[in-house]
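Excluded from the calculations below are hydrogen atoms, water molecules and symmetry mates; all remaining heavy atoms, backbone and side chain alike, are included.
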Amino acid sequence: MSSYTMTIQEAKQEIINTLHVYLSKNEQGQYEIPIEKQRPVLLMGPPGIGKTAIMEQIAAKEHIALVSYTITHHTRQSAVGLPVIREKTYRGQTVSVTEYTMSEIIASIYDKMNETHLTEGILFLDEINCVSETLAPTMLQFLQYKTFGSHRVPEGWLIVVAGNPPEYNKSVRDFDTVTLDRLKRIDIAEDFTAWKKYAYAHSVNPAILTYLDIKKENFYQVDATIHGEDFVTARGWEDLSRLIDAYEKQSLPITTPTIHQYLQHEEIARDFSSYYELFKKYSHTYDVVEILQGSSCPDILERLKEAPFDEALSVIGLFLGKLNEMFATSHKTDEIITQIFEALSRWKGALATSDKRADELLYEEKERLQKTIVTEKAAGQLTEERESVLLNALEQLSSYANSLSPLHAPDSDTAFSHVKKAFDSLVSEYDELAGRTRQSLTNAFLFLEKVFAGRQEMVLFVTGLTLNPNAVWFVSEHGCDKFYEYNKELLLDEKKIRLQEKIRQFQA
(Lines give C-alpha, C1' and ligand atoms only; values in the text may rest on other atoms or scores of the structure.)
Protein backbone atom coordinates (compact mmCIF):
# COMPACT_ATOMS: atom_id res chain seq x y z
CA MET A 1 0.00 0.00 0.00
CA SER A 2 1.20 3.52 -0.80
CA SER A 3 2.58 5.75 1.93
CA TYR A 4 0.11 8.40 0.70
CA THR A 5 -2.95 6.95 2.38
CA MET A 6 -6.22 8.65 3.25
CA THR A 7 -8.87 8.02 5.86
CA ILE A 8 -12.25 6.92 4.54
CA GLN A 9 -13.65 10.43 5.14
CA GLU A 10 -10.75 12.06 3.29
CA ALA A 11 -11.34 9.64 0.41
CA LYS A 12 -15.03 10.58 0.42
CA GLN A 13 -14.17 14.27 0.01
CA GLU A 14 -11.64 13.46 -2.71
CA ILE A 15 -14.33 11.58 -4.67
CA ILE A 16 -16.74 14.51 -4.25
CA ASN A 17 -14.04 16.86 -5.56
CA THR A 18 -13.41 14.52 -8.50
CA LEU A 19 -17.14 14.38 -9.25
CA HIS A 20 -17.39 18.19 -9.31
CA VAL A 21 -14.38 18.50 -11.62
CA TYR A 22 -15.46 15.72 -14.00
CA LEU A 23 -18.97 17.16 -14.33
CA SER A 24 -17.87 20.78 -14.83
CA LYS A 25 -18.15 22.22 -18.34
CA ASN A 26 -16.67 25.21 -20.11
CA GLU A 27 -18.54 28.04 -21.84
CA GLN A 28 -18.95 25.90 -24.97
CA GLY A 29 -20.67 23.17 -22.97
CA GLN A 30 -17.71 20.81 -23.21
CA TYR A 31 -16.35 18.94 -20.19
CA GLU A 32 -13.36 20.72 -18.64
CA ILE A 33 -11.64 17.33 -18.54
CA PRO A 34 -12.53 15.38 -21.71
CA ILE A 35 -14.36 12.12 -21.02
CA GLU A 36 -11.52 9.99 -22.35
CA LYS A 37 -9.20 11.65 -19.81
CA GLN A 38 -11.57 11.22 -16.87
CA ARG A 39 -9.84 8.42 -15.03
CA PRO A 40 -11.95 5.95 -13.03
CA VAL A 41 -11.31 6.21 -9.29
CA LEU A 42 -9.72 3.15 -7.71
CA LEU A 43 -10.25 2.81 -3.94
CA MET A 44 -7.73 0.36 -2.56
CA GLY A 45 -8.04 -0.54 1.10
CA PRO A 46 -8.92 -3.16 3.71
CA PRO A 47 -12.39 -4.76 3.70
CA GLY A 48 -15.11 -3.48 5.99
CA ILE A 49 -13.97 0.13 6.41
CA GLY A 50 -16.95 1.74 4.66
CA LYS A 51 -16.13 2.03 0.95
CA THR A 52 -19.70 1.16 -0.08
CA ALA A 53 -21.20 3.36 2.63
CA ILE A 54 -19.45 6.50 1.41
CA MET A 55 -20.79 5.91 -2.11
CA GLU A 56 -24.32 6.04 -0.71
CA GLN A 57 -23.47 9.15 1.31
CA ILE A 58 -22.00 10.92 -1.72
CA ALA A 59 -25.04 10.09 -3.87
CA ALA A 60 -27.36 11.49 -1.19
CA LYS A 61 -25.26 14.62 -0.62
CA GLU A 62 -24.78 15.43 -4.30
CA HIS A 63 -28.33 14.42 -5.39
CA ILE A 64 -27.08 12.02 -8.05
CA ALA A 65 -27.90 8.41 -8.86
CA LEU A 66 -25.93 5.39 -7.69
CA VAL A 67 -25.58 2.01 -9.38
CA SER A 68 -23.62 -0.42 -7.24
CA TYR A 69 -22.37 -3.93 -8.01
CA THR A 70 -20.07 -6.45 -6.43
CA ILE A 71 -18.29 -7.53 -9.58
CA THR A 72 -17.39 -11.01 -8.30
CA HIS A 73 -21.09 -11.88 -8.60
CA HIS A 74 -20.93 -11.40 -12.37
CA THR A 75 -20.00 -13.65 -15.26
CA ARG A 76 -18.50 -12.50 -18.53
CA GLN A 77 -21.93 -12.78 -20.16
CA SER A 78 -23.68 -10.49 -17.65
CA ALA A 79 -20.87 -7.93 -17.84
CA VAL A 80 -20.35 -7.93 -21.61
CA GLY A 81 -23.73 -9.12 -22.87
CA LEU A 82 -24.87 -12.18 -24.77
CA PRO A 83 -23.59 -12.91 -28.30
CA VAL A 84 -26.04 -12.51 -31.19
CA ILE A 85 -25.51 -13.20 -34.91
CA ARG A 86 -26.08 -10.26 -37.26
CA GLU A 87 -26.09 -10.17 -41.04
CA LYS A 88 -23.85 -7.43 -42.46
CA THR A 89 -22.83 -6.51 -45.98
CA TYR A 90 -19.24 -5.58 -46.78
CA ARG A 91 -18.41 -4.54 -50.38
CA GLY A 92 -21.49 -6.32 -51.63
CA GLN A 93 -20.88 -9.53 -49.72
CA THR A 94 -23.23 -10.56 -46.88
CA VAL A 95 -21.57 -12.19 -43.91
CA SER A 96 -22.61 -13.28 -40.43
CA VAL A 97 -20.88 -11.44 -37.58
CA THR A 98 -21.07 -11.75 -33.80
CA GLU A 99 -22.28 -8.77 -31.78
CA TYR A 100 -23.29 -8.50 -28.15
CA THR A 101 -26.44 -7.40 -26.40
CA MET A 102 -26.11 -4.59 -23.91
CA SER A 103 -24.23 -5.38 -20.71
CA GLU A 104 -26.44 -5.90 -17.66
CA ILE A 105 -24.35 -3.29 -15.85
CA ILE A 106 -24.68 -0.65 -18.58
CA ALA A 107 -28.39 -1.44 -18.91
CA SER A 108 -28.80 -0.88 -15.17
CA ILE A 109 -27.41 2.64 -15.56
CA TYR A 110 -29.95 3.47 -18.26
CA ASP A 111 -32.73 1.87 -16.20
CA LYS A 112 -31.71 4.04 -13.25
CA MET A 113 -31.72 7.15 -15.42
CA ASN A 114 -35.21 6.33 -16.74
CA GLU A 115 -36.51 5.54 -13.28
CA THR A 116 -35.12 8.59 -11.48
CA HIS A 117 -34.79 11.13 -14.33
CA LEU A 118 -31.24 11.73 -13.07
CA THR A 119 -28.67 11.88 -15.88
CA GLU A 120 -25.60 11.98 -13.61
CA GLY A 121 -24.40 9.44 -11.11
CA ILE A 122 -21.77 7.02 -9.84
CA LEU A 123 -21.16 3.51 -11.11
CA PHE A 124 -19.53 1.67 -8.21
CA LEU A 125 -17.96 -1.76 -8.72
CA ASP A 126 -16.62 -3.47 -5.61
CA GLU A 127 -13.99 -6.24 -5.41
CA ILE A 128 -12.68 -5.22 -8.82
CA ASN A 129 -9.39 -7.11 -8.40
CA CYS A 130 -11.07 -10.38 -7.38
CA VAL A 131 -12.82 -11.19 -10.66
CA SER A 132 -12.71 -14.64 -12.25
CA GLU A 133 -10.08 -15.52 -14.82
CA THR A 134 -12.61 -15.36 -17.65
CA LEU A 135 -13.83 -11.89 -16.61
CA ALA A 136 -10.39 -10.35 -15.95
CA PRO A 137 -9.72 -9.19 -19.57
CA THR A 138 -13.17 -7.59 -19.67
CA MET A 139 -12.47 -5.65 -16.47
CA LEU A 140 -9.13 -4.41 -17.77
CA GLN A 141 -10.82 -3.22 -20.96
CA PHE A 142 -13.51 -1.53 -18.89
CA LEU A 143 -11.00 0.33 -16.71
CA GLN A 144 -9.02 1.48 -19.73
CA TYR A 145 -11.85 2.42 -22.10
CA LYS A 146 -15.00 2.68 -19.88
CA THR A 147 -16.81 0.10 -22.02
CA PHE A 148 -18.38 -3.30 -21.50
CA GLY A 149 -18.29 -5.04 -24.87
CA SER A 150 -19.33 -2.44 -27.42
CA HIS A 151 -21.35 -0.34 -24.97
CA ARG A 152 -19.88 2.66 -23.18
CA VAL A 153 -20.72 4.06 -19.74
CA PRO A 154 -22.94 7.15 -20.38
CA GLU A 155 -21.56 10.67 -20.04
CA GLY A 156 -22.02 12.24 -16.62
CA TRP A 157 -21.29 9.02 -14.72
CA LEU A 158 -18.24 8.77 -12.49
CA ILE A 159 -16.72 5.29 -12.37
CA VAL A 160 -15.50 4.25 -8.93
CA VAL A 161 -14.06 0.81 -8.35
CA ALA A 162 -12.81 -0.72 -5.12
CA GLY A 163 -10.41 -3.49 -4.29
CA ASN A 164 -8.63 -5.12 -1.37
CA PRO A 165 -4.84 -5.40 -1.07
CA PRO A 166 -3.48 -8.97 -1.45
CA GLU A 167 -2.73 -9.28 2.27
CA TYR A 168 -6.52 -9.26 2.89
CA ASN A 169 -7.67 -11.46 0.02
CA LYS A 170 -5.86 -14.43 -1.48
CA SER A 171 -7.80 -14.28 -4.76
CA VAL A 172 -6.82 -10.74 -5.79
CA ARG A 173 -5.19 -9.99 -9.13
CA ASP A 174 -2.51 -7.37 -9.57
CA PHE A 175 -3.20 -4.63 -12.09
CA ASP A 176 -0.49 -4.08 -14.67
CA THR A 177 1.23 -0.71 -15.09
CA VAL A 178 -0.73 0.08 -18.25
CA THR A 179 -4.05 -0.25 -16.38
CA LEU A 180 -2.90 1.56 -13.24
CA ASP A 181 -1.67 4.43 -15.39
CA ARG A 182 -5.27 5.00 -16.47
CA LEU A 183 -6.73 5.09 -12.93
CA LYS A 184 -7.00 7.72 -10.22
CA ARG A 185 -5.82 5.59 -7.31
CA ILE A 186 -6.70 6.35 -3.69
CA ASP A 187 -5.21 4.15 -0.98
CA ILE A 188 -7.29 4.03 2.19
CA ALA A 189 -6.17 3.01 5.65
CA GLU A 190 -8.36 2.18 8.63
CA ASP A 191 -8.60 5.13 11.03
CA PHE A 192 -10.47 5.01 14.33
CA THR A 193 -10.79 8.78 14.78
CA ALA A 194 -12.39 9.20 11.34
CA TRP A 195 -14.70 6.25 11.98
CA LYS A 196 -15.63 7.58 15.40
CA LYS A 197 -17.26 10.66 13.86
CA TYR A 198 -19.30 8.38 11.64
CA ALA A 199 -20.11 6.16 14.63
CA TYR A 200 -21.49 9.07 16.67
CA ALA A 201 -23.60 10.23 13.73
CA HIS A 202 -25.04 6.72 13.38
CA SER A 203 -25.53 6.17 17.14
CA VAL A 204 -23.10 3.28 17.52
CA ASN A 205 -23.51 1.71 20.97
CA PRO A 206 -21.49 3.65 23.61
CA ALA A 207 -20.04 0.42 25.03
CA ILE A 208 -18.30 -0.14 21.69
CA LEU A 209 -17.07 3.44 21.38
CA THR A 210 -15.73 3.50 24.93
CA TYR A 211 -14.04 0.12 24.58
CA LEU A 212 -12.29 1.28 21.41
CA ASP A 213 -11.26 4.51 23.13
CA ILE A 214 -9.47 2.35 25.68
CA LYS A 215 -8.14 -0.21 23.18
CA LYS A 216 -7.79 1.53 19.83
CA GLU A 217 -5.49 -1.24 18.61
CA ASN A 218 -8.53 -3.57 18.53
CA PHE A 219 -10.48 -1.39 16.11
CA TYR A 220 -9.18 -3.17 13.03
CA GLN A 221 -7.10 -6.35 12.98
CA VAL A 222 -6.45 -9.22 10.61
CA ASP A 223 -4.21 -11.94 12.06
CA ALA A 224 -3.16 -15.20 10.46
CA THR A 225 -3.59 -18.28 12.66
CA ILE A 226 -3.22 -22.01 12.18
CA HIS A 227 -7.02 -22.16 11.76
CA GLY A 228 -7.15 -19.42 9.15
CA GLU A 229 -7.59 -15.70 9.74
CA ASP A 230 -8.86 -13.95 12.86
CA PHE A 231 -10.22 -10.54 11.97
CA VAL A 232 -12.28 -7.61 13.17
CA THR A 233 -13.36 -4.70 10.94
CA ALA A 234 -15.19 -1.40 11.19
CA ARG A 235 -18.18 -3.07 9.54
CA GLY A 236 -18.12 -5.75 12.23
CA TRP A 237 -18.25 -3.18 15.03
CA GLU A 238 -21.14 -1.28 13.42
CA ASP A 239 -23.17 -4.43 12.76
CA LEU A 240 -22.48 -5.66 16.29
CA SER A 241 -23.77 -2.34 17.62
CA ARG A 242 -27.09 -2.84 15.85
CA LEU A 243 -27.33 -6.35 17.25
CA ILE A 244 -26.59 -5.18 20.80
CA ASP A 245 -29.26 -2.46 20.58
CA ALA A 246 -31.82 -4.98 19.29
CA TYR A 247 -30.91 -7.59 21.93
CA GLU A 248 -31.06 -5.04 24.74
CA LYS A 249 -34.55 -3.94 23.68
CA GLN A 250 -35.74 -7.53 24.06
CA SER A 251 -33.61 -8.26 27.15
CA LEU A 252 -31.78 -11.04 25.34
CA PRO A 253 -28.40 -12.23 26.66
CA ILE A 254 -25.34 -11.00 24.75
CA THR A 255 -22.77 -13.77 25.09
CA THR A 256 -19.19 -14.14 23.88
CA PRO A 257 -20.26 -16.59 21.11
CA THR A 258 -22.84 -14.03 19.96
CA ILE A 259 -20.19 -11.29 19.86
CA HIS A 260 -17.77 -13.60 18.04
CA GLN A 261 -20.28 -13.93 15.21
CA TYR A 262 -19.44 -10.30 14.36
CA LEU A 263 -15.94 -9.88 15.79
CA GLN A 264 -14.34 -12.92 14.21
CA HIS A 265 -11.19 -12.52 16.27
CA GLU A 266 -11.39 -14.83 19.27
CA GLU A 267 -9.20 -12.80 21.61
CA ILE A 268 -10.87 -9.46 20.84
CA ALA A 269 -14.37 -10.97 21.00
CA ARG A 270 -13.59 -12.41 24.43
CA ASP A 271 -12.04 -9.14 25.61
CA PHE A 272 -14.95 -7.00 24.43
CA SER A 273 -17.44 -9.44 25.97
CA SER A 274 -15.79 -8.96 29.37
CA TYR A 275 -15.75 -5.20 28.93
CA TYR A 276 -19.40 -5.12 27.84
CA GLU A 277 -20.44 -6.82 31.09
CA LEU A 278 -18.37 -4.27 33.02
CA PHE A 279 -19.90 -1.40 31.06
CA LYS A 280 -23.42 -2.60 31.88
CA LYS A 281 -22.41 -2.80 35.55
CA TYR A 282 -21.14 0.80 35.43
CA SER A 283 -24.40 1.92 33.81
CA HIS A 284 -26.26 0.66 36.89
CA THR A 285 -23.71 1.96 39.39
CA TYR A 286 -23.46 5.44 37.89
CA ASP A 287 -26.94 6.83 37.27
CA VAL A 288 -26.03 9.13 34.40
CA VAL A 289 -29.66 9.97 33.61
CA GLU A 290 -30.23 11.30 37.14
CA ILE A 291 -27.08 13.42 36.92
CA LEU A 292 -28.10 14.85 33.54
CA GLN A 293 -31.42 15.83 35.07
CA GLY A 294 -29.53 17.92 37.65
CA SER A 295 -29.15 15.67 40.70
CA SER A 296 -25.92 16.22 42.62
CA CYS A 297 -25.45 12.49 43.45
CA PRO A 298 -22.69 13.01 46.09
CA ASP A 299 -22.08 9.27 46.56
CA ILE A 300 -21.45 8.79 42.85
CA LEU A 301 -19.27 11.88 42.75
CA GLU A 302 -17.00 10.61 45.55
CA ARG A 303 -16.74 7.14 44.03
CA LEU A 304 -15.82 8.56 40.63
CA LYS A 305 -13.06 10.68 42.16
CA GLU A 306 -11.36 7.48 43.36
CA ALA A 307 -12.11 5.40 40.26
CA PRO A 308 -9.23 4.04 38.14
CA PHE A 309 -8.71 5.55 34.69
CA ASP A 310 -10.49 2.79 32.73
CA GLU A 311 -13.56 3.06 34.95
CA ALA A 312 -13.56 6.84 34.69
CA LEU A 313 -13.29 6.60 30.92
CA SER A 314 -16.22 4.18 30.85
CA VAL A 315 -18.33 6.68 32.80
CA ILE A 316 -17.33 9.40 30.33
CA GLY A 317 -18.60 7.01 27.65
CA LEU A 318 -21.91 6.66 29.49
CA PHE A 319 -22.32 10.44 29.55
CA LEU A 320 -21.39 10.80 25.87
CA GLY A 321 -23.69 7.95 24.89
CA LYS A 322 -26.73 9.30 26.71
CA LEU A 323 -26.08 12.85 25.50
CA ASN A 324 -25.69 11.61 21.93
CA GLU A 325 -29.14 10.01 22.15
CA MET A 326 -30.53 13.41 23.09
CA PHE A 327 -28.55 15.28 20.42
CA ALA A 328 -29.62 12.79 17.75
CA THR A 329 -33.27 13.03 18.77
CA SER A 330 -33.12 16.84 18.65
CA HIS A 331 -31.40 16.79 15.28
CA LYS A 332 -33.90 14.36 13.80
CA THR A 333 -36.87 16.31 15.19
CA ASP A 334 -35.46 19.53 13.76
CA GLU A 335 -35.19 17.93 10.31
CA ILE A 336 -38.74 16.57 10.55
CA ILE A 337 -40.06 20.01 11.45
CA THR A 338 -38.11 21.54 8.55
CA GLN A 339 -39.71 19.09 6.10
CA ILE A 340 -43.19 19.81 7.49
CA PHE A 341 -42.61 23.57 7.42
CA GLU A 342 -41.57 23.46 3.76
CA ALA A 343 -44.66 21.41 2.88
CA LEU A 344 -47.00 23.70 4.80
CA SER A 345 -45.43 26.77 3.17
CA ARG A 346 -46.24 25.33 -0.27
CA TRP A 347 -49.71 24.40 0.97
CA LYS A 348 -50.32 27.95 2.19
CA GLY A 349 -49.39 29.29 -1.25
CA ALA A 350 -51.70 26.80 -2.94
CA LEU A 351 -54.59 27.77 -0.66
CA ALA A 352 -54.43 31.29 -2.03
CA THR A 353 -54.50 30.28 -5.69
CA SER A 354 -56.38 26.97 -5.99
CA ASP A 355 -60.10 26.18 -5.96
CA LYS A 356 -59.46 22.76 -4.41
CA ARG A 357 -60.43 21.95 -0.85
CA ALA A 358 -57.78 22.54 1.83
CA ASP A 359 -57.54 18.87 2.75
CA GLU A 360 -57.12 17.88 -0.92
CA LEU A 361 -54.22 20.30 -1.29
CA LEU A 362 -52.64 18.95 1.88
CA TYR A 363 -52.98 15.40 0.60
CA GLU A 364 -51.14 16.56 -2.54
CA GLU A 365 -48.25 17.68 -0.33
CA LYS A 366 -48.31 14.25 1.28
CA GLU A 367 -48.14 12.63 -2.17
CA ARG A 368 -45.24 14.91 -3.10
CA LEU A 369 -43.32 13.67 -0.06
CA GLN A 370 -44.17 10.05 -0.87
CA LYS A 371 -42.81 10.60 -4.39
CA THR A 372 -39.61 12.06 -2.95
CA ILE A 373 -39.08 8.91 -0.88
CA VAL A 374 -39.65 6.64 -3.89
CA THR A 375 -37.40 8.72 -6.17
CA GLU A 376 -34.52 9.01 -3.72
CA LYS A 377 -34.70 5.31 -2.90
CA ALA A 378 -34.62 4.42 -6.59
CA ALA A 379 -31.62 6.70 -7.11
CA GLY A 380 -29.71 5.11 -4.24
CA GLN A 381 -29.73 8.45 -2.39
CA LEU A 382 -32.03 7.58 0.49
CA THR A 383 -30.08 6.96 3.66
CA GLU A 384 -31.68 5.18 6.58
CA GLU A 385 -31.68 8.39 8.62
CA ARG A 386 -33.29 10.52 5.91
CA GLU A 387 -35.93 7.89 5.18
CA SER A 388 -36.92 7.95 8.85
CA VAL A 389 -37.17 11.75 8.78
CA LEU A 390 -39.34 11.77 5.65
CA LEU A 391 -41.62 9.00 6.93
CA ASN A 392 -42.16 10.87 10.20
CA ALA A 393 -42.94 14.09 8.31
CA LEU A 394 -45.31 12.12 6.07
CA GLU A 395 -47.14 10.72 9.09
CA GLN A 396 -47.51 14.21 10.55
CA LEU A 397 -48.86 15.66 7.29
CA SER A 398 -51.35 12.81 7.07
CA SER A 399 -52.64 13.59 10.55
CA TYR A 400 -53.06 17.27 9.63
CA ALA A 401 -54.93 16.41 6.43
CA ASN A 402 -57.16 13.87 8.23
CA SER A 403 -57.98 16.42 10.92
CA LEU A 404 -59.41 18.78 8.28
CA SER A 405 -61.95 16.28 6.94
CA PRO A 406 -64.36 16.49 9.93
CA LEU A 407 -64.43 20.29 9.51
CA HIS A 408 -66.53 19.87 6.34
CA ALA A 409 -64.38 21.74 3.79
CA PRO A 410 -63.47 24.81 5.87
CA ASP A 411 -62.42 28.03 4.16
CA SER A 412 -58.69 28.59 3.61
CA ASP A 413 -58.13 30.83 6.63
CA THR A 414 -59.89 28.43 9.02
CA ALA A 415 -58.01 25.45 7.60
CA PHE A 416 -54.65 27.18 7.83
CA SER A 417 -55.28 28.34 11.41
CA HIS A 418 -56.31 24.82 12.40
CA VAL A 419 -53.16 23.21 10.97
CA LYS A 420 -50.89 26.02 12.16
CA LYS A 421 -52.09 25.48 15.72
CA ALA A 422 -51.11 21.80 15.52
CA PHE A 423 -47.76 22.65 13.94
CA ASP A 424 -47.02 25.31 16.56
CA SER A 425 -47.67 22.69 19.22
CA LEU A 426 -45.09 20.43 17.57
CA VAL A 427 -42.56 23.27 17.49
CA SER A 428 -43.20 24.01 21.17
CA GLU A 429 -42.53 20.36 22.03
CA TYR A 430 -39.27 20.56 20.11
CA ASP A 431 -38.26 23.76 21.93
CA GLU A 432 -38.86 22.01 25.24
CA LEU A 433 -36.80 19.02 24.07
CA ALA A 434 -33.94 21.28 22.98
CA GLY A 435 -34.11 23.14 26.28
CA ARG A 436 -33.88 19.89 28.28
CA THR A 437 -30.99 18.71 26.11
CA ARG A 438 -29.09 21.97 26.56
CA GLN A 439 -29.59 21.83 30.33
CA SER A 440 -28.49 18.18 30.40
CA LEU A 441 -25.27 19.11 28.61
CA THR A 442 -24.64 21.90 31.10
CA ASN A 443 -25.38 19.53 34.01
CA ALA A 444 -22.88 17.05 32.62
CA PHE A 445 -20.18 19.73 32.55
CA LEU A 446 -21.03 20.92 36.06
CA PHE A 447 -20.84 17.40 37.47
CA LEU A 448 -17.74 16.24 35.62
CA GLU A 449 -15.71 19.33 36.38
CA LYS A 450 -16.22 18.64 40.10
CA VAL A 451 -14.44 15.33 39.53
CA PHE A 452 -12.09 15.87 36.62
CA ALA A 453 -11.28 19.61 36.53
CA GLY A 454 -7.78 19.99 35.07
CA ARG A 455 -7.50 16.24 34.38
CA GLN A 456 -7.21 14.26 31.17
CA GLU A 457 -10.70 12.82 31.56
CA MET A 458 -12.24 16.28 31.09
CA VAL A 459 -10.29 16.76 27.88
CA LEU A 460 -11.53 13.37 26.65
CA PHE A 461 -15.13 14.35 27.40
CA VAL A 462 -14.83 17.61 25.45
CA THR A 463 -12.97 15.86 22.62
CA GLY A 464 -15.77 13.29 22.42
CA LEU A 465 -18.30 16.10 22.02
CA THR A 466 -16.17 17.86 19.42
CA LEU A 467 -15.89 14.69 17.32
CA ASN A 468 -19.65 14.13 17.49
CA PRO A 469 -21.49 15.70 14.52
CA ASN A 470 -24.78 15.61 16.45
CA ALA A 471 -23.21 17.47 19.39
CA VAL A 472 -21.55 20.07 17.15
CA TRP A 473 -24.84 20.65 15.34
CA PHE A 474 -26.76 20.99 18.59
CA VAL A 475 -24.33 23.47 20.16
CA SER A 476 -24.20 25.54 16.97
CA GLU A 477 -28.02 25.70 16.93
CA HIS A 478 -28.78 26.06 20.64
CA GLY A 479 -25.52 27.04 22.31
CA CYS A 480 -23.88 25.91 25.54
CA ASP A 481 -21.60 28.29 27.47
CA LYS A 482 -19.74 25.46 29.19
CA PHE A 483 -18.97 23.77 25.88
CA TYR A 484 -17.57 27.01 24.43
CA GLU A 485 -15.52 27.57 27.57
CA TYR A 486 -13.90 24.13 27.58
CA ASN A 487 -13.63 23.79 23.83
CA LYS A 488 -11.71 27.07 23.67
CA GLU A 489 -9.29 25.74 26.28
CA LEU A 490 -8.94 22.50 24.33
CA LEU A 491 -8.15 24.36 21.11
CA LEU A 492 -5.51 26.41 22.93
CA ASP A 493 -3.99 23.21 24.34
CA GLU A 494 -3.86 21.70 20.85
CA LYS A 495 -2.12 24.81 19.49
CA LYS A 496 0.36 24.64 22.38
CA ILE A 497 1.10 20.96 21.63
CA ARG A 498 1.67 21.71 17.92
CA LEU A 499 3.95 24.64 18.79
CA GLN A 500 5.97 22.50 21.21
CA GLU A 501 6.30 19.81 18.55
CA LYS A 502 7.64 22.36 16.05
CA ILE A 503 10.14 23.59 18.62
CA ARG A 504 11.34 20.03 19.26
CA GLN A 505 11.72 19.43 15.52
CA PHE A 506 13.69 22.68 15.15
CA GLN A 507 15.99 21.76 18.05
CA ALA A 508 16.56 18.18 16.85
Side-chain angles (χ1 to χ4, degrees), residues 16 56-66 115-121 201-202 326-405 407 409-435 437 469-470 472-479:
I16 291 173
E56 296 168 351
Q57 294 164 21
I58 292 169
K61 183 177 186 296
E62 299 299 316
H63 304 292
I64 58 174
L66 173 66
E115 190 177 359
T116 64
H117 304 293
L118 295 171
T119 58
E120 297 174 338
H202 291 79
M326 302 174 78
F327 297 144
T329 300
S330 293
H331 197 179
K332 179 179 178 180
T333 306
D334 179 85
E335 291 185 337
I336 292 169
I337 287 175
T338 299
Q339 289 292 330
I340 296 170
F341 177 79
E342 291 173 355
L344 294 183
S345 296
R346 289 190 297 267
W347 177 61
K348 182 181 180 182
L351 284 173
T353 58
S354 176
D355 294 331
K356 295 182 180 179
R357 295 201 325 264
D359 56 339
E360 285 184 85
L361 293 172
L362 202 48
Y363 278 121
E364 287 179 4
E365 286 301 325
K366 174 188 169 184
E367 289 170 3
R368 182 202 294 262
L369 202 53
Q370 285 175 321
K371 186 177 180 180
T372 298
I373 294 172
V374 171
T375 301
E376 290 188 6
K377 182 174 287 189
Q381 298 175 354
L382 193 63
T383 63
E384 183 180 346
E385 292 80 8
R386 177 162 169 80
E387 183 175 17
S388 179
V389 166
L390 295 180
L391 288 174
N392 274 274
L394 189 63
E395 183 180 356
Q396 203 67 44
L397 286 175
S398 295
S399 70
Y400 294 160
N402 293 339
S403 70
L404 289 176
S405 297
L407 299 180
D411 61 81
S412 297
D413 290 341
T414 302
F416 182 76
S417 297
H418 177 79
V419 172
K420 183 177 182 301
K421 183 178 179 181
F423 179 70
D424 288 344
S425 177
L426 183 65
V427 173
S428 295
E429 290 176 11
Y430 168 70
D431 289 339
E432 291 176 7
L433 171 66
T437 302
N470 289 323
V472 172
W473 170 85
F474 182 85
V475 173
S476 67
E477 289 289 319
H478 302 284

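- Across every non-hydrogen atom of Y430 and S330, the tightest pair is CE1-O, 3.3 Å.
- Of the inter-residue distances, the one linking K377 atom NZ with E115 atom CD reads 11.5 Å to the nearest 0.5 angstrom.
- Considering all non-hydrogen atoms of both residues, A328 and N470 come closest at CB-ND2, 3.8 Å.
- Put simply, OG on S398 and CG on L369 are 9.0 Å apart, with the number rounded to the nearest 0.5 Å.
- E387 places none of its side-chain heavy atoms less than 4.5 Å from the side chain of E376.
- Of all non-hydrogen atoms in H63 and Q381, the two that sit nearest each other are C-NE2, 2.9 Å.
- We find the CZ-CZ distance between F341 and R346 to be 11.0 Å, quoted to the nearest 0.5 Å.
- Taking both residues in full, the closest heavy atoms of A59 and G380 are given as CB-O, 3.9 Å, listed atom of the first, atom of the second, then distance.
- Between H478 and W473, the ring planes lie perpendicular to each other; the angle is over 60°, past the 30° to 60° tilted range.
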Determine whether I64 and L118 satisfy the following criterion, side-chain contact (heavy atoms from CB on, under 4.5 Å), listing intermediate values before the conclusion.
CA-CA 7 Å; I64 58 174; L118 295 171; 5.6 Å; no
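- Distance alone, capped at 3.5 Å, is enough to place a donor-acceptor pair between the N392 side chain and the S388 backbone.
- A salt bridge does not link K332 with E335: every distance from a Lys NZ or Arg NE/NH1/NH2 to an Asp or Glu carboxylate oxygen is 4.0 Å or more.
- Residues meeting the side chain to side chain contact (heavy atoms under 4.5 Å, CB included) test with Q370, sequence neighbours left out: K366, E367, L394.
- Atom CD of E342 and atom CD of E365 lie 10.5 Å apart (nearest 0.5 Å).
- A donor-acceptor pair is defined here as one N or O able to donate and one able to accept, closer than 3.5 Å; such a pair exists between the side chain of W347 and the backbone of A358.
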Yes or no on side-chain contact (heavy atoms from CB on, under 4.5 Å) for Y363 and N402, after CA distance, side-chain angles and deciding distance?
CA-CA 9 Å; Y363 278 121; N402 293 339; 2.4 Å; yes
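- Counting heavy-atom neighbours within 6.0 Å of E395 CD, excluding the residue itself, gives a total of 12 or less.
- At least one side-chain heavy atom of I16 sits under 4.5 Å from a side-chain heavy atom of K61.
- For the pairing with Q339, the side chain to side chain contact (heavy atoms under 4.5 Å, CB included) check across L397, L344, T372, L390 returns one residue only, L390.
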Are E56 and L66 close enough, and set up right, to give a side-chain contact (heavy atoms from CB on, under 4.5 Å), and what steps lead you there?
CA-CA 7 Å; E56 296 168 351; L66 173 66; 3.9 Å; yes
Determine whether L426 and E429 satisfy the following criterion, side-chain contact (heavy atoms from CB on, under 4.5 Å), listing intermediate values before the conclusion.
CA-CA 5 Å; L426 183 65; E429 290 176 11; 4.2 Å; yes
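- No donor-acceptor pair closer than 3.5 Å links the side chain of S417 to the backbone N or O of T414.
- For the atom pair CG (L433) and OG (S428), the distance works out to 12.5 Å, reported to the nearest 0.5 Å.
- Contact record, L361 with S354: CD2-OG, 3.7 Å, taken as the closest heavy-atom pair.
- Of the inter-residue distances, the one linking I336 atom CD1 with H331 atom NE2 reads 11.0 Å to the nearest 0.5 angstrom.
- Of all non-hydrogen atoms in R386 and T383, the two that sit nearest each other are N-OG1, 3.1 Å.
- Partner of V427 under the side chain to side chain contact (heavy atoms under 4.5 Å, CB included) criterion, out of I340, T333, I337: I337 alone.
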